[in-house]
Engineer: 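Below you will find the structure I want to go over with you.
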Amino acid sequence: MEDTPIFPDPPVVTVERTLAIIKPDAVHRADEVMEDIKSLEFSILNQRRLRLTPEQASDFYAEHYGKMFFPSLIAYMQSADIIALVLAKRDAIQEWRDLLGPTNAVRAKQEAPDSLRAKYGHDQTRNGLHGSDSYHTAEREIRFMFSESITEPIYHGQDATDYLQSKVNPVLTKALTHLSKQKPEDPLTWLAQWLLDNNPNKPKVTEVDT
Ligand code: AMP
């Protein structure tokens with residue numbers, strides 16, 4: 001007879017993270033969605049409200065590039081703010097997908113009236129909420145939504161010109177004037193150091209002896 005181990009292996013509990021998105025058509029009901037998420041015992045590890053540019057929306061949905069609905073999906077996803085959420089729970093990925101219900105919110109209302117898309121969605125494209133469909137997708141989507149690279153929309157046209165004129169050109173002009181007077185051996189390293197030393201957003205603090 002086998003001895004019963006004194007310290008049995010602990011059960012394997014797989015707490016997963018998944019990316020949820022409150023899409024433009026449901027953002028005005030974000031408080032209600034959050035309440036639902038909490039009452040379903042998901043932890044919200046991170047959240048942010050953001051507006052995707054068309055480029056960012058296309059990158060996010062790159063797997064659907066070429067499909068008939070791709071242009072309308074991108075137009076919709078960049079039309080207004082969204083809220084990205086990192087949810088955590090045991091088997092979070094599958095459970096969140098199951099709770100969402102069918103992709104098409106019209107079908108969800110008929111076939112799964114208790115689902116979240118039945119509650120918050122409107123149609124096939126404007127379906128209220130998103131959920132990652134696999135572990136690898138979740139990792140990629142979380143990195144995508146919470147990377148530093150998408151904090152701000154990319155400026156275009158006159159907005160880009162105004163931004164460069166007000167924020168970049170004055171500092172660069174000053175730096176390049178100094179550089180052409182100094183003529184350092186390694187101009188790029190010199191320029192990088194000058195910008196660090198003269199960052200207008202981080203003025204030098206001079207310690208004063210008291
Ligand atoms: P999925 O990657 O399956 O989450 O699909 C991405 C999103 O594309 C869905 O949440 C819908 O908003 C949209 N979508 C998917 N299939 C269709 C379709 N056949 N027609 C229109 N929009 C769709």
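Here the structure is a predicted model, which means the values were calculated and not measured. All ligand and atom numbering here is 1-based and tracks the order in the structure. Numbering of residues begins at 1 and proceeds along the displayed sequence.
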Engineer: For ligand 1, is Lys23 a contact, meaning one of its heavy atoms is under 4.0 Å away?
Structural biologist: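 A heavy atom of Lys23 does come that close to ligand 1.
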Engineer: May I ask you to identify the nearest protein heavy atom to atom 21 (C) of ligand 1, giving residue, atom name and distance to one decimal place in Å?
Structural biologist: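 Scanning the protein heavy atoms, the shortest distance from atom 21 (C) of ligand 1 goes to Gln124 CG, 3.0 Å.
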Engineer: Using 30° and 60° as the class boundaries, would you call the ring planes of His130 and Phe60 parallel, tilted or perpendicular?
Structural biologist: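 If you compare the ring of His130 with that of Phe60, the planes turn out perpendicular.
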Engineer: Could you tell me whether Thr125 approaches ligand 1 through its side chain, its backbone, both or neither, with non-hydrogen atoms closer than 4.0 Å?
Structural biologist: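 The part of Thr125 near ligand 1 is both the backbone and the side chain.
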Engineer: For atom 23 (C) of ligand 1, which of the options Phe69, Tyr76, Phe70, Tyr61 provides the nearest non-hydrogen atom?
Structural biologist: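 Going through Phe69, Tyr76, Phe70, Tyr61 one by one, Phe69 has the nearest heavy atom to atom 23 (C) of ligand 1.
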Engineer: For a 4.5 angstrom cut-off between non-hydrogen side-chain atoms, does Met145 reach Leu19?
Structural biologist: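 Counting from C-beta outward, Met145 and Leu19 do come under 4.5 Å.
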Engineer: Within the structure, is a non-hydrogen atom of His64 found at a distance of less than 4.0 Å from ligand 1?
Structural biologist: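 True for this residue.
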Engineer: Could you report the tightest heavy-atom contact between Asp36 and Lys119, atom names first, then the distance?
Structural biologist: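 Minimum heavy-atom separation between Asp36 and Lys119: OD2-NZ, 2.8 Å.
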Engineer: Could you tell me, atom by atom, which parts of ligand 1 come under 4.0 Å of a heavy atom of Asn127?
Structural biologist: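 The atoms of ligand 1 under 4.0 Å from a heavy atom of Asn127 are 9 (C), 10 (O), 11 (C), 12 (O).
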Engineer: Identify the protein heavy atom lying closest to atom 7 (C) of ligand 1, giving its residue, its atom name and the separation to 0.1 Å.
Structural biologist: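 Going atom by atom, the protein heavy atom closest to atom 7 (C) of ligand 1 ends up being Leu73 CD1, 3.8 Å.
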Engineer: Could you label the plane-to-plane angle of the Trp190 and Trp194 rings as parallel, tilted or perpendicular, counting under 30° as parallel and over 60° as perpendicular?
Structural biologist: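 Plane angle under 30°, so parallel.
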Engineer: Is the shortest N/O to N/O distance between Thr103 and ligand 1 below 3.5 Å?
Structural biologist: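 Such a contact does not occur with ligand 1.
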Engineer: Is the distance from the ring center of Tyr76 to that of His122 below 6.0 Å?
Structural biologist: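 Between Tyr76 and His122, the centre distance exceeds or equals 6.0 Å.
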Engineer: Quickly, which of Ile93, Leu99, Asp98 forms a side-chain contact (heavy atoms from CB on, under 4.5 Å) with Glu95? Name it, please.
Structural biologist: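 For Glu95, the side-chain contact (heavy atoms from CB on, under 4.5 Å) check succeeds only for Leu99.
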